[in-house]
Amino acid sequence: TASLVEEIDKRLLVVLRDGRKIIGTLRSFDQFSNVVLEGSVERIIVDKRYSDIPLGLYVVRGENVVLLGPLDEEKEANLEHLERVGVDEILAAKKAEEEAERLKAELSKHLRMDWFKEDDLV
């Protein structure tokens with residue numbers, strides 16, 4: 001946490017344990033790596049589309065932080081390879097992507113079960 005002192009008042013990207021990406025200005029932290037972000041947004045990226053959902057002042061428990069680092073402002077300014085869309089559109093796309101992943105995992109599970117059943121017959 002000593003290096004976090006250098007990041008006060010800078011824009012940070014925080015990746016959480018559940019995969020969410022939070023961007024905000026670091027205002028405070030403690031010995032447990034709990035952080036307070038001001039003007040924060042949750043960035044959701046699906047395929048070549050993205051949207052920022054405003055969160056405002058946001059407190060993140062240190063145990064949920066996977067990665068924390070300064071935001072590259074140059075790259076942030078040049079997001080032309082991604083299309084910015086509305087919040088409703090990105091949430092619908094995220095839900096569809098999660099459903100597709102769930103179906104893929106379910107199908108994979110069934111295929112493995114069928115494969116093991118066939119091995120038992122031989």
Side-chain angles (χ1 to χ4, degrees):
T1 57
S3 65
L4 281 180
V5 171
E6 300 167 6
E7 304 303 328
I8 292 284
D9 296 331
K10 292 184 182 171
R11 302 258 304 151
L12 298 181
L13 168 66
V14 181
V15 179
L16 303 180
R17 208 165 46 176
D18 63 4
R20 289 184 292 160
K21 297 159 199 70
I22 309 296
I23 297 171
T25 303
L26 181 64
R27 291 298 179 209
S28 184
F29 68 94
D30 64 12
Q31 70 270 25
F32 304 108
S33 296
N34 298 319
V35 295
V36 177
L37 301 172
E38 183 179 55
S40 59
V41 296
E42 178 183 355
R43 175 152 301 161
I44 298 176
I45 302 171
V46 178
D47 297 323
K48 297 283 186 185
R49 298 173 290 172
Y50 81 98
S51 187
D52 291 337
I53 300 173
L55 302 172
L57 191 64
Y58 207 70
V59 178
V60 180
R61 286 184 56 111
E63 65 185 33
N64 292 318
V65 175
V66 173
L67 180 123
L68 181 143
L71 191 65
D72 187 336
E73 297 294 342
E74 220 175 273
K75 288 184 179 179
E76 181 71 8
N78 295 318
L79 292 175
E80 62 257 355
H81 62 282
L82 296 175
E83 175 190 1
R84 186 180 193 114
V85 297
V87 172
D88 292 338
E89 184 178 339
I90 203 70
L91 290 176
K94 181 180 177 187
K95 186 175 180 180
E97 182 181 63
E98 288 170 350
E99 179 65 15
E101 284 295 319
R102 187 188 67 75
L103 289 172
K104 182 178 173 183
E106 193 174 301
L107 179 61
S108 177
K109 179 181 170 185
H110 286 300
L111 288 175
R112 276 184 296 204
M113 291 173 104
D114 289 345
W115 184 76
F116 284 121
K117 287 178 185 174
E118 288 176 13
D119 274 357
D120 290 341
L121 296 175
V122 176

**Q.** Residues clustering with Val36 (ILVMFWY side chains joined when closer than 4.5 Å, directly or via others)
**A.**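 Leu57, Val59, which link up through side-chain heavy atoms under 4.5 Å apart, make up the rest of the cluster.
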What residues, two or more places apart in sequence or in another chain, satisfy side-chain contact (heavy atoms from CB on, under 4.5 Å) together with [X]?
{"X": "Leu55", "value": "Ile22, Ser40, Glu42, Tyr58"}
{"X": "Asp18", "value": "Leu16, Arg20"}
{"X": "Glu98", "value": "Lys94"}

Q. Given side chains that start at C-beta, do those of Leu37 and Leu26 come closer than 4.5 Å, heavy atoms only?
A.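 The answer is yes; the side chains approach within 4.5 Å.
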Q. Taking side chain as C-beta onward, heavy atoms only, is Leu68 less than 4.5 Å from Leu4?
A.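 Yes, at least one pair of side-chain atoms sits under 4.5 Å.
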(Q) For Glu99, give me all partners under side-chain hydrogen bond (donor to acceptor under 3.5 Å, both in side chains), at least two apart in sequence or on another chain. (A)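 Per chain and number, Glu99 pairs via side-chain hydrogen bond (donor to acceptor under 3.5 Å, both in side chains) with Arg102.
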Q. When you look at Ile23 and Leu12, which way does the side-chain contact (heavy atoms from CB on, under 4.5 Å) test go after all the steps?
A. CA-CA 6 Å; Ile23 297 171; Leu12 298 181; over 6 Å; no
Q | Same cluster (ILVMFWY, side-chain, under 4.5 Å), Ile45 and Leu67 | A |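 No, no single cluster joins them.
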Result block: side-chain N/O donor-acceptor pairs under 3.5 angstrom for residues 81-91, not counting sequence neighbours:
unit_1: Arg84; atom_1: NH1; unit_2: Tyr50; atom_2: OH; d: 3.3
unit_1: Glu89; atom_1: OE2; unit_2: Arg49; atom_2: NH1; d: 3.4

Q | Asp9: salt bridge (Lys or Arg N to Asp or Glu O under 4.0 Å) partners, not counting sequence neighbours | A |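 With neighbours one apart ignored, the set is Arg27.
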(Q) For Gly62, is there any backbone N or O sitting under 3.5 Å from a side-chain donor or acceptor partner on Asn34? (A)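 Side chain of Asn34 to backbone of Gly62, a donor-acceptor pair under 3.5 Å: yes, one is there.
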Q) Quick one: CD1 on Ile8 to OG on Ser28, what's the gap to the nearest 0.5 Å? A)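 Interatomic distance, Ile8 CD1 to Ser28 OG, rounded to 0.5 Å: 6.0 Å.
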Q: Just grab all the side-chain hydrogen bond (donor to acceptor under 3.5 Å, both in side chains) pairs involving residues 63-78, residues at least two apart or on different chains.
A: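 Listed once each, the pairs are Arg17-Asn64, Arg43-Glu76, Arg61-Glu63.
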